[in-house]
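Presented below is the structure to which this report refers.
Just so you know, these numbers use all the heavy atoms, side chains as well, and skip hydrogens, waters and symmetry mates. In what follows, chains are A, B, ... by sequence order, proteins preceding strands, each numbered from 1. Note that the coordinates shown come from a computational prediction; the quantities given were computed from them, not determined experimentally.
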Number of protein chains: 2
Amino acid sequence: MNVTNLLTNENKYNLLAGRVPLLLNRYLGQQFKNEGINLSREQWSILAILYHTDGVSQQFLAEATSRDKPSVTRLVDNLEKLGFVERRNHKTDRRLNLIFLTDSGKEMQDPILNVVSKTIEKATKGLTEEQIVIIRDAFQIVYDNIK
Amino acid sequence: MNVTNLLTNENKYNLLAGRVPLLLNRYLGQQFKNEGINLSREQWSILAILYHTDGVSQQFLAEATSRDKPSVTRLVDNLEKLGFVERRNHKTDRRLNLIFLTDSGKEMQDPILNVVSKTIEKATKGLTEEQIVIIRDAFQIVYDNIK
DNA sequence: TAATTATAGTTGTTTAAACAACTACAAAGT
DNA sequence: ACTTTGTAGTTGTTTAAACAACTATAATTA
């Protein structure tokens, strides 16, 4: 294929980190609110890990979400205030907090996934699986380049 | 092509608005800092518009960067404090601020574009133009779906 | 012309990201 | 055992995003 210099570096930057992620995050936040779910998109990213693996350390959450430790400390603070998670001490290693879903947090799983599914289905309407797979592979390359 | 359900909706969400944009933005901020450029990535997004079209309204900047008006007010505040832009009154419509680059702001253009180019070249090393074009078209679809 | 509506921008508040500096604890090396 | 190094988490500060509420001005329309 012979595609020559269609995008400047600035265009590429905007493509990879520009308005689409910004809009999608904003849009998800609005959908949560519309459905009466009192949750930020960032808080959801933490809950999403816990729905997969409950009872992990903050360090694990930081790595899994590519955030730094202070960011996770505050997200967990706020999720704890909302009553969705709780910190428990590790049995033997007193440095670790293990983060567990509360019953209330577990009850949120279905409603949250519902909103996320509707949101992403609307957002990706018209995209082929082929496009999505290409994006996935391309983003993996970018991730490896700068991680 | 027959690719069946490779990604869940949650995976798709993370793909479009997840860690890659987060990491790329963080990485660009670090590169600016390394090069002694006292500028946030968000401030750069405003300067980038002005390097293309100097002397536009804050409303224009808001639409061009998909930010809301308060966000632009504060970005312009901070760029003004840094001495890179100035607000001027519109001749006839007293509601409008027109935002102009200062000499100091204009002097930043080359150093900034240098950092952005290096950053994006490192980040996209190994991507084909074909992949980038597919991402561009796919993101346009997503943008139209949720804008 | 006066009232209404729309547009441009600002301010207040909450939540989050990034980074530096810090405390507490565990593990390794001597 | 003691010191050093590494790991886990917190706190302080600055910058930004989102949203609501607000002021000022312009455009519309009754």
Side-chain angles (χ1 to χ4, degrees), chain A residues 17-19 21-34 37-47 56-82 84-85 87-99, chain B residues 17-19 21-34 37-47 56-82 84-85 87-99:
Chain A
R19 63 186 183 177
L22 196 67
L23 282 172
L24 192 55
N25 280 330
R26 187 187 306 159
Y27 186 70
L28 181 65
Q30 290 164 346
Q31 298 310 304
F32 279 146
K33 198 173 181 184
N34 287 350
I37 296 176
N38 186 14
L39 201 71
S40 73
R41 48 200 161 70
E42 293 84 2
Q43 289 164 355
W44 167 60
S45 74
I46 299 294
L47 291 184
V56 297
S57 70
Q58 294 185 196
Q59 183 64 46
F60 182 93
L61 293 173
E63 283 160 19
T65 62
S66 293
R67 288 185 168 81
D68 68 2
K69 290 187 294 177
S71 296
V72 172
T73 293
R74 276 137 183 167
L75 288 172
V76 171
D77 284 349
N78 286 334
L79 284 167
E80 211 169 25
K81 279 179 201 156
L82 289 168
F84 295 151
V85 307
R87 289 173 161 98
R88 295 189 207 155
N89 295 329
H90 188 279
K91 301 279 185 210
T92 56
D93 189 337
R94 293 174 60 193
R95 291 172 302 179
L96 276 75
N97 292 336
L98 299 186
I99 312 302
Chain B
R19 63 185 184 177
L22 196 70
L23 281 173
L24 191 53
N25 280 329
R26 187 187 306 160
Y27 187 69
L28 181 65
Q30 290 164 346
Q31 298 310 303
F32 278 145
K33 197 172 182 185
N34 286 350
I37 297 176
N38 185 14
L39 200 71
S40 73
R41 50 200 159 71
E42 294 84 2
Q43 291 165 353
W44 166 61
S45 74
I46 298 295
L47 292 184
V56 297
S57 68
Q58 293 185 198
Q59 182 63 47
F60 182 93
L61 293 173
E63 283 160 18
T65 62
S66 295
R67 288 186 167 81
D68 69 2
K69 291 187 294 177
S71 295
V72 172
T73 292
R74 276 137 184 166
L75 287 173
V76 171
D77 284 349
N78 286 334
L79 284 167
E80 211 168 26
K81 278 179 202 157
L82 289 168
F84 295 152
V85 307
R87 288 174 163 98
R88 294 187 208 157
N89 295 330
H90 188 279
K91 301 281 185 206
T92 57
D93 189 337
R94 294 173 58 192
R95 291 172 304 181
L96 275 76
N97 293 336
L98 298 186
I99 312 303

Ignoring backbone atoms, establish whether [X] has a side-chain N or O less than 4.0 Å from OP1 or OP2 of [N].
X: Arg74(A); N: dT10(D); value: no
X: Asn97(A); N: dA8(D); value: no
X: Asn25(B); N: dA18(C); value: no
X: Arg67(A); N: dC19(C); value: no
X: Ser40(A); N: dA16(C); value: yes

*asked:* Both Gln58(A) and Arg94(B) contact DNA chain D. Taking the nearest nucleotide for each, which residue is further toward the 5' end?
replied: Gln58(A)

*Would you kindly compare Gly29(A) and Gln43(B) by the position of their nearest DNA chain D nucleotide and give the one closer to the 5′ end?*
Gln43(B)

*asked:* Could you report the tightest heavy-atom contact between Ser45(A) and Glu42(A), atom names first, then the distance?
replied: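 Scanning both residues, the minimum pair turns out to be OG-O, 2.6 Å.
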
*asked:* Is there a side-chain contact between Arg94(B) and Asn89(B) in this structure, where contact means two heavy atoms from C-beta onward sitting under 4.5 Å apart?
replied: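 No - every pair of side-chain heavy atoms lies 4.5 Å or more apart.
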
*Is the closest side-chain heavy-atom distance between Leu79(B) and Arg87(B) below 4.5 Å?*
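The answer is no, as the side chains (C-beta and beyond) never meet within the 4.5 Å cut-off.
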
*Which listed nucleotide (dA18(D), dA16(C), dC19(C)) is nearest to the side chain of Arg41(A)?*
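The listed nucleotide nearest to Arg41(A)'s side chain is dA18(D).
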
_Side chain of Pro70(B) (C-beta onward), nearest among dT10(D), dA17(D), dC19(D)_ =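 Nucleotide nearest to Pro70(B)'s side chain: dC19(D).
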
When all nucleic acid strands are considered with a 4.0 Å heavy-atom cut-off, which category describes [X]: base, sugar-phosphate, or nothing?
X: Asp68(A); answer: base
X: Thr92(A); answer: sugar-phosphate
X: Thr73(A); answer: base

_Over 12 non-hydrogen atoms of neighbours within 6.0 angstrom of CG in Asn38(B)_ =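 Count not over threshold, so no.
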
_Residue from Ile99(B), Leu75(B), Val85(B) passing side-chain contact (heavy atoms from CB on, under 4.5 Å) with Leu47(B)_ = Val85(B)

*asked:* Return whichever of Arg26(B) or Val56(B) has its heavy-atom-nearest nucleotide of DNA chain C closer to the 5' end.
replied: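 Per heavy-atom nearest nucleotide, the more 5' residue is Val56(B).
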
Rounded to the Å, how far apart are [X] [atom1] and [N] [atom2]?
X: Lys81(A); N: dT14(C); atom1: NZ; atom2: P; answer: 11 Å
X: Asn89(A); N: dT10(D); atom1: CG; atom2: C1'; answer: 15 Å
X: Arg95(A); N: dC22(C); atom1: CZ; atom2: P; answer: 21 Å
X: Asn78(B); N: dT10(C); atom1: CG; atom2: P; answer: 12 Å
X: His90(A); N: dT7(D); atom1: NE2; atom2: P; answer: 16 Å
X: Lys69(B); N: dA17(D); atom1: NZ; atom2: P; answer: 16 Å
X: Tyr27(B); N: dA17(C); atom1: OH; atom2: C1'; answer: 19 Å
X: Leu75(B); N: dA17(D); atom1: CG; atom2: P; answer: 5 Å

*Could you tell me whether the side chains of Arg26(A) and Ser66(B) share a donor-acceptor contact shorter than 3.5 Å?*
no

